[in-house]
Asks: 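Below you will find the structure I want to go over with you.
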Protein chains: 2
Amino acid sequence: MGEITIKQLAQILKVSTATVSKALRDSHEIGAATKKRVQDLAKSLNYSPNPFASGLRRHKSNTIAVILPEIANNFFAQAVNGIDEVAREKGYHLLIYLSHDSSEREAFFLNDLLSRRVDGLLMSISFDASDFTHLDAIQQKLPTVFFDRTYEGSLLHVTNNDFESAFDATRHLYECGCRNIAFLSAFQTLKTGDQRFKGYLSALKHCGLPFKDELIVHCNNNKNDSYTRIRELMTEIKPDGIVSSIEKLAKQCYYVCNELEINIPGDVKIVSYSNLDSASLLNPPLTTITQQAFEMGKEAATILFKVLKNSNYKADSKILNAELIKRRSTDIINI
Amino acid sequence: MGEITIKQLAQILKVSTATVSKALRDSHEIGAATKKRVQDLAKSLNYSPNPFASGLRRHKSNTIAVILPEIANNFFAQAVNGIDEVAREKGYHLLIYLSHDSSEREAFFLNDLLSRRVDGLLMSISFDASDFTHLDAIQQKLPTVFFDRTYEGSLLHVTNNDFESAFDATRHLYECGCRNIAFLSAFQTLKTGDQRFKGYLSALKHCGLPFKDELIVHCNNNKNDSYTRIRELMTEIKPDGIVSSIEKLAKQCYYVCNELEINIPGDVKIVSYSNLDSASLLNPPLTTITQQAFEMGKEAATILFKVLKNSNYKADSKILNAELIKRRSTDIINI
DNA sequence: TTGAAAGCGTTACCAC
DNA sequence: GTGGTAACGCTTTCAA
């Protein structure tokens with residue numbers, strides 16, 4: 001049974017529960033002999049401490065929460081792997097909440113987490129966020145590290161070099177001959193999206209290309225909607241290059257191009273933020289801005305545990321570099 | 001503050017903690033007026049119950065654990081989505097554990113879960129499992145539903161029609177002209193892998209093809225190892241068809257074929273169990289046996305909650321049909 | 001309809 | 001070095 005308690009161990013060994021508790025936690029105030037007796041018995045009886053009792057007493061859960069927009073996405077999945085690595089090493093448990101890019105759900109989760117169920121929170125903000133009061137509130141009450149999708153007010157966070165990587169991607173298209181470069185925008189209310197957009201703008205300027213409003217496509221959470229908008233872009237504006245700020249949209253570009261028989265990279269070159277591990281197997285292989293997903297999760301978790309250990313850290317951050325991996329979707333085609 | 005307690009509410013309202021507790025849980029033994037007073041105050045003070053205290057008292061956590069081989073895999077990620085949907089609806093929390101296909105880690109997690117931290121468990125067994133005593137033990141002590149990767153001894157489970165789907169895939173290759181069909185095997189110690197293998201064998205027989213040992217490649221957890229073995233298969237045995245029992249291995253086939261300049265589907269046709277959502281964008285688009293990943297998670301969770309509600313269910317199961325989606329990787333090429 | 005009090009299993013304080 | 005005991009915040013008898 002998993003029903004053995006400290007009290008029972010104490011009875012069997014004819015010592016107090018206090019002694020057992022201390023012996024189990026390897027306290028120095030217990031003699032080596034008793035310590036061994038206790039530990040041996042605990043092991044042989046398969047004792048395992050009740051996390052609720054100790055959580056209640058110690059005001060500590062050994063659990064952290066992770067709030068993600070989605071999990072069926074290689075970036076977030078790998079980030080979870082990174083988080084898991086750190087958490088596991090610290091003996092922590094991982095509670096997962098999926099917002100499905102709804103800030104309403106997000107708010108619900110945040111509210112729930114105020115119950116001191118967890119010691120800390122790692123979070124990547126949902127797509128349609130616009131009101132950040134919940135986020136402001138949570139960071140005051142619970143150690144919270146934002147990663148990837150952060151907002152202006154975040155105290156602790158791990159981000160990409162979003163501005164620079166978007167700049168580089170756009171310039172890369174320019175260097176490959178594109179003069180009419182579209183930008184597929186998402187979550188521009190978040191710092192992350194904003195920075196990517198600014199990087200794009202800055203690169204246009206740097207390359208001497210004019211900014212044209214019709215080249216910007218604001219995509220939302222709705223799959224069909226985005227598809228339609230991208231299709232419109234391709235039929236009406238006909239850009240010769242596309243920078244996609246998220247992977248989902250790049251895939252939709254591929255589908256649209258398939259449907260309309262537009263050749264990539266002949267008619268249009270595409271580069272996208274993406275951690276798709278099959279990017280090189282696509283037709284054509286997709287040029288990606290690949291984020292350090294695993295590292296990002298790992299860094300975020302590391303910062304969180306630093307704060308958990310020493311609550312003086314009020315602000316800390318880290319920037320990881322996303323890498324532009326050039327593949328055939330941006331190849332220069334000689335006719 | 002998230003620090004309001006029942007005791008404080010009771011003091012403010014000059015009632016007992018018992019009354020407050022009951023009022024909050026909307027008990028019928030409390031008068032409507034007091035009930036309202038309590039609930040209003042609780043709301044205005046942003047009271048949220050301490051989950052450790054109630055968990056300790058009620059021996060119930062409102063949390064379920066999910067043990068997965070990996071998360072950076074579309075199948076498991078979608079399964080988690082399905083699980084999440086059901087759990088959220090029931091107001092449950094989700095604890096995630098990644099075994100990374102190590103049965104050692106798995107055993108560690110299982111042991112930990114004996115602490116009554118969770119009310120139930122959903123699990124997909126790791127790749128290299130061979131000793132099932134831990135699994136036998138856990139299902140006796142904790143309501144546990146296995147999904148996808150199950151084992152012979154599992155009481156509650158949700159599986160694919162593994163035998164039939166492997167049969168159909170193999171026959172499909174035969175019908176496309178393949179006469180030398182290789183099978184990439186994984187987790188054959190599990191029921192899932194075993195059934196897929198048997199489906200393959202049965203289809204060979206059905207089609208009048210001989211079984212040849214050298215056409216079976218046993219792949220393990222090590223990426224380089226598997227790559228080498230597949231490479232050997234392709235250079236030495238040169239099959240004209242491949243059935244891959246997991247997605248990972250199919251990707252490796254693509255890489256090997258790229259390296260060796262083997263044409264798919266001209267030289268070899270490939271079909272794989274896979275939930276890759278970019279399967280149709282690959283070069284060439286991959287014929288897949290696509291599992292109902294989301295449904296699988298959902299069904300598994302549903303069974304678990306049925307058991308949680310009514311502990312009489314000692315055995316229950318469900319089989320979901322995987323679908324063969326034919327794409328270019330198995331096209332018949334006319335020369 | 002309400003309340004007093006016992007406990008859930010653990011830890012921490014203080015006395016010995 | 002060891003033990004008694006009061007808490008942690010909540011739920012659940014049982015009595016009023």
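No hydrogens, no waters, no symmetry mates; every other heavy atom, side chains included, goes into these values. Note on naming: letters A, B, ... go to the chains in the order of the sequence lines (proteins, then strands), and numbering restarts at 1 for each one.
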Asks: Roughly, in whole Å, what's the span from NE2 in His28(B) to P in dT2(C)?
Replies: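 After rounding, the reported distance stands at 13 Å.
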Asks: Does the plane of the ring in Phe75(B) sit parallel, tilted or perpendicular to the ring in Phe147(B)? Use 30° and 60° as the thresholds.
Replies: tilted
Asks: Is the Phe52(A) ring parallel, tilted or perpendicular to the Phe52(B) ring (thresholds 30°, 60°)?
Replies: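 If you compare the ring of Phe52(A) with that of Phe52(B), the planes turn out tilted.
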Asks: Would you find more than 12 non-hydrogen atoms of other residues, nucleotides or ligands less than 6.0 Å from Lys306(B) atom NZ?
Replies: yes
Asks: If you measure from the Lys or Arg side-chain nitrogens to the Asp or Glu carboxylate oxygens, is any gap between Arg149(B) and Asp101(B) under 4.0 Å?
Replies: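 Looking at Asp101(B) together with Arg149(B), the answer is yes, because their closest N to O distance falls below 4.0 Å.
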Asks: Taking the side chain from Thr302(B) and the backbone from Lys298(B), do they hold a donor-acceptor pair closer than 3.5 Å?
Replies: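 Side chain of Thr302(B) to backbone of Lys298(B), a donor-acceptor pair under 3.5 Å: yes, one is there.
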Asks: May I ask you to decide if the ring planes of His93(A) and Tyr97(B) are parallel, tilted or perpendicular, using 30° and 60° as cut-offs?
Replies: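 Correct class here is perpendicular.
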Asks: Does Tyr151(B) have Lys191(B) sitting over its ring (NZ/CZ under 6.0 Å from centre, angle to axis within 45°)?
Replies: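 Output no; distance or angle outside limits.
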Asks: Considering only dT2(D), dA4(C), dG3(D), which nucleotide approaches the side chain of Ser16(B) most closely?
Replies: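 The answer is dA4(C).
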Asks: Rounded to the nearest Å, what distance is computed from the CG atom of residue Leu9(A) to the P atom of nucleotide dG3(D)?
Replies: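 Nearest whole value for this atom pair: 14 Å.
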Asks: Can you measure Ile30(A) atom CD1 to dG3(D) atom P for me and round it to whole angstrom units?
Replies: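 Going from Ile30(A) (CD1) to dG3(D) (P), I get 8 Å.
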Asks: Summarise protein proximity over nucleotides 7-16 of chain D in one line of letters, 5' to 3': B for base, S for sugar-phosphate only, - for none, counting protein heavy atoms closer than 4.0 Å.
Replies: BBBBBBB---
Asks: Looking at five pairs on each end of the helix from dT1(C)-dA16(D) to dC16(C)-dG1(D), what is the angle between the two axes, given to 10 degrees?
Replies: 40°
Asks: Which residues pass the salt bridge (Lys or Arg N to Asp or Glu O under 4.0 Å) test with Lys35(B), not counting sequence neighbours?
Replies: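 Lys35(B) satisfies salt bridge (Lys or Arg N to Asp or Glu O under 4.0 Å) with Asp26(B) only.
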Asks: Tell me: CD of Gln8(A) to C1' of dT10(C), nearest whole Å?
Replies: 14 Å
